[in-house]
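To start, the structure under review is shown below, and the notes come after it.
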Amino acid sequence: MPSVEARLFHGTRDVLPAELLPQKELVATLTRTFEAFGFAPVETPAMEFVDILLGKYGADGEKLIYKLAYEDGHTLALRYDLTVPLSRLVAMHPELPKPFKRYQIQPVWRADRAQPAQGRFREFIQCDVDTVGTSSLVADAENLAVVHAGILASGMEGFLIKVNHRKLLRGMIAHAGLPATADKEVLRVVDKLDKIGLDEVVAELSKIGVDAAAIDKLVGLMNITGTPDAVLASAIERLGAEPAAVEGLADLRAMLGHARALGVPEARLRVDLSLTRGLDYYTGPVYEIVTTEIERFGSLGGGGRYDDLMSLFGGEPVPATGVSIGLTRLLTALVKLGKLKARESATDVLISRFPDTPVDAALACAATLRDQGFAVEWYYEADRLKKQFQYAERKGIPFVVILGASEIERGEAAVKHLATGEQVTMTRDAVAGWMRARLTPKA
RNA sequence: GUGGGUGUAGCUCAGUUGGUUAGAGCGUGAGAUUGUGGCUCUCGAGGUCGCGGGUUCAAAUCCCGUCAUCCACCCCA
């Protein structure tokens, strides 16, 4: 067989132990958080029929769906997100008690142009929670509370949750006297406000044919800053007479009140009237989580309410809302910030030995330590002790237990704590307690 | 998808106006009187100079193409 160069498809990645060990811990924490809010897990297949996915994301998103060249190339695709597969699943299981609250931690695929430094990949893991079957804004507030708790638990410190409302956006477009069909183009420009500045936004708006009066109204709204309450109050002042906006304003006010009651700090929340979000299926509140610690980094999560999506699979419309944490992106950010406590190995203790060590007696000792709850690794070769210690050092194993013929004979063991250099020879039943007293508790 | 930059060792890079066996640091392997890690020292392994073509007596170096990758935009997790 001809040899091929070992390589990866751009935008995909291998995850090595140093990163995957902390990632697994984070997933365990997120899982506990999700379950604490009453969400239960599901998984769905990586591939779906193409027509299940088409017509849900909008033209921009649809271009990024990976279609599989299976049969005629028009039957299967890799899932693009977890929300549409969930809707399909619920449509196929009408017997599920509503509201159906599920979480799902699985990879998705997007034929994007990858940019790893910005946390942009073609394959990445999303952690979604969704509540299907209620219009209650408490469910939306719970979404905010769940992502807040989840991101905080990851060790990320600087982040904000931006919220807006699709109906409020529609009201703003109407308020400016623009046709509803113009919203996408206009809002995309306005969304760039904090990046390119006011003058540029005005220039671009007039370039796409928005008249000066409309620009004034839009920019006036976008420029409102301050606490969520202040922004809302100011928006009510300007849009209170706009029928299209009223419901959005009321929803946001209620949702934010519930979120505060659930313990989301005021300082984490921003009402951002320029937040649009590209996916077509959102109908109500929308949210996006951004880090304030890295320039030009993609969002850490996002979501919103999508009351019309379920009806696209036939049957009755079912209200639904959900939010997603971008696990791959969150981990990338933490690595970039040096906030990931990397560890090469999950091993607590290495059993080191000598040419004269009775192997089976030492293995029995390893088995005992495992029974006592330690992760124990056996050193296979009777190498120089120096080499065995170097191995433990490089893999970040905190303890080395030294077993020679004399220790085995006397029922003893020498134990060394590498971080402090402390070493004691003791009876073997004392080893577990000695190590446990020095093992830094896992966070 | 649009625009710009860069491809030399596992990683970060040097390589003079084209000129013999292409270098350094880090990492990695072995060792410094055979039961002790981090520091230091010695020695070693490792390169189709992204790939293809062209110019030339001679190309890592110049030209064309191609692929890969990075950055910004777009969009988002």
Side-chain angles (χ1 to χ4, degrees), chain A residues 3 5-11 57-64 79-83 105-128 147 150-151 184-185 187-189 191-192 195-196 200 204 275-280 282 286-291 295-304 322-333 350 352-357 379 382-407 413-423 425:
Chain A
S3 87
E5 189 197 351
R7 66 215 150 100
L8 279 178
F9 181 52
H10 188 222
Y57 303 109
D60 285 347
E62 200 151 301
K63 275 186 276 183
L64 302 181
R79 67 168 165 252
Y80 175 90
D81 70 355
L82 301 178
T83 305
I105 300 174
Q106 287 194 282
V108 302
W109 293 270
R110 293 185 189 177
D112 228 341
R113 181 138 179 190
Q115 215 142 294
Q118 295 180 354
R120 217 166 107 168
F121 301 94
R122 286 171 170 163
E123 175 184 67
F124 57 94
I125 298 172
Q126 289 194 314
C127 309
D128 273 40
V147 286
I151 305 268
K184 277 212 124 165
E185 205 179 357
L187 292 171
R188 187 181 322 131
V189 175
D191 188 43
K192 292 200 256 182
K195 276 185 200 156
I196 62 176
E200 280 291 313
E204 283 199 36
L275 176 66
T276 58
R277 296 192 59 76
L279 298 181
D280 269 7
Y282 291 119
V286 290
Y287 6 97
E288 189 163 296
I289 300 91
V290 295
T291 175
E295 296 286 318
R296 277 192 290 277
F297 199 80
S299 63
L300 301 177
V323 71
S324 178
I325 294 175
L327 184 70
T328 307
R329 184 169 278 175
L330 179 58
L331 265 292
T332 303
L350 178 74
S352 75
R353 36 75 69 106
F354 302 99
D356 67 355
T357 303
Y379 198 94
D383 283 337
R384 294 174 301 129
L385 206 55
K386 175 188 180 102
K387 218 180 150 187
Q388 303 190 41
F389 269 89
Q390 278 175 341
Y391 178 77
E393 176 74 24
R394 283 184 49 195
K395 286 186 60 168
I397 299 171
F399 296 100
V400 175
V401 163
I402 305 160
L403 289 175
S406 55
E407 282 87 355
V415 196
K416 184 161 185 173
H417 188 208
L418 269 64
T420 59
E422 185 184 10
Q423 178 173 330
T425 300

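Values in this document were obtained by computation on a predicted structure and should not be read as measured data. Every chain is numbered from 1, with letters handed out A, B, ... down the list of sequences.
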Inset, instruction - Tell me which residues in residues 393-402 of chain A put a heavy atom below 4.0 Å from RNA chain B, sorted by number, or none. - result: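 Contacting residues: A:Glu393, A:Arg394, A:Ile402.
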Inset, instruction - For A:Glu123 and for A:Leu8, find the nucleotide of RNA chain B with the closest heavy atom, then tell me which residue's nucleotide is more 5'. - result: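 The answer here is A:Leu8.
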Inset, instruction - Specify the residue among A:Pro116 and A:Glu407 whose closest nucleotide of RNA chain B lies further upstream toward the 5′ end. - result: A:Glu407
Inset, instruction - Give the ring-plane orientation class for A:Tyr379 versus A:Tyr391, where under 30° counts as parallel, over 60° as perpendicular and anything between as tilted. - result: perpendicular
Between [atom2] on [N] and [atom1] on [X], what's the gap in Å once rounded to a whole number?
{"X": "A:Glu62", "N": "B:G1", "atom1": "CD", "atom2": "P", "answer": "17 Å"}
{"X": "A:Asp383", "N": "B:G37", "atom1": "CG", "atom2": "C1'", "answer": "14 Å"}
{"X": "A:Gln106", "N": "B:A77", "atom1": "CD", "atom2": "C1'", "answer": "15 Å"}
{"X": "A:Asp81", "N": "B:A77", "atom1": "CG", "atom2": "C1'", "answer": "10 Å"}
{"X": "A:Leu350", "N": "B:U36", "atom1": "CG", "atom2": "P", "answer": "16 Å"}
{"X": "A:Arg122", "N": "B:A77", "atom1": "CZ", "atom2": "P", "answer": "18 Å"}
{"X": "A:Arg296", "N": "B:C75", "atom1": "CZ", "atom2": "C1'", "answer": "16 Å"}
{"X": "A:Gln388", "N": "B:G35", "atom1": "CD", "atom2": "C1'", "answer": "10 Å"}

Ignoring backbone atoms, establish whether [X] has a side-chain N or O less than 4.0 Å from OP1 or OP2 of [N].
{"X": "A:His10", "N": "B:C70", "value": "yes"}
{"X": "A:Gln423", "N": "B:U36", "value": "no"}
{"X": "A:Arg384", "N": "B:G37", "value": "no"}
{"X": "A:Gln118", "N": "B:A77", "value": "no"}

Legend entry - Nearest-nucleotide pick for A:Lys387, side chain only, options being B:A77, B:A30, B:G35: B:A30
Nearest-Å distance once atom [atom1] is located in both [N] and [M]:
{"N": "B:C43", "M": "B:G4", "atom1": "C1'", "answer": "46 Å"}
{"N": "B:U42", "M": "B:G15", "atom1": "C1'", "answer": "28 Å"}
{"N": "B:A45", "M": "B:G10", "atom1": "P", "answer": "15 Å"}
{"N": "B:G19", "M": "B:A58", "atom1": "C1'", "answer": "7 Å"}
{"N": "B:G53", "M": "B:A30", "atom1": "P", "answer": "41 Å"}
{"N": "B:A14", "M": "B:A9", "atom1": "P", "answer": "12 Å"}
{"N": "B:G44", "M": "B:U69", "atom1": "P", "answer": "37 Å"}
{"N": "B:A68", "M": "B:U28", "atom1": "P", "answer": "32 Å"}

Under 4.0 Å between any heavy atoms, over every strand shown, what does [X] touch: base, sugar-phosphate, or nothing? Just pick one.
{"X": "A:Gln115", "result": "base"}
{"X": "A:Lys63", "result": "nothing"}
{"X": "A:Arg113", "result": "base"}
{"X": "A:Leu418", "result": "base"}
{"X": "A:Ser352", "result": "nothing"}

Inset, instruction - Heavy atoms only: give me the nearest A:Ile402-A:Glu407 pair and the separation to one decimal. - result: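 Closest approach of A:Ile402 to A:Glu407, heavy atoms only: O-CG, 4.0 Å.
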Enter the distance from [X]:[atom1] to [Y]:[atom2] here, rounded to the nearest 0.5 Å.
{"X": "A:Arg353", "Y": "A:Asp383", "atom1": "CZ", "atom2": "CG", "value": "8.5 Å"}
{"X": "A:Gln388", "Y": "A:Phe354", "atom1": "CD", "atom2": "CZ", "value": "7.0 Å"}
{"X": "A:Leu300", "Y": "A:Leu330", "atom1": "CG", "atom2": "CG", "value": "6.0 Å"}
{"X": "A:Gln106", "Y": "A:Asp128", "atom1": "CD", "atom2": "CG", "value": "10.0 Å"}

Inset, instruction - Starting from Watson-Crick (N1-N3 plus N6-O4 or O6-N4) and G-U wobble pairs under 3.5 Å, report the runs of at least three that RNA chain B belongs to. - result: B:1-7 with B:67-73, B:10-13 with B:23-26, B:28-32 with B:40-44, B:50-54 with B:62-66
Inset, instruction - Give a yes/no verdict on base stacking between B:A77 and A:Phe121: centres under 5.5 Å, planes within less than 30° of parallel. - result: no
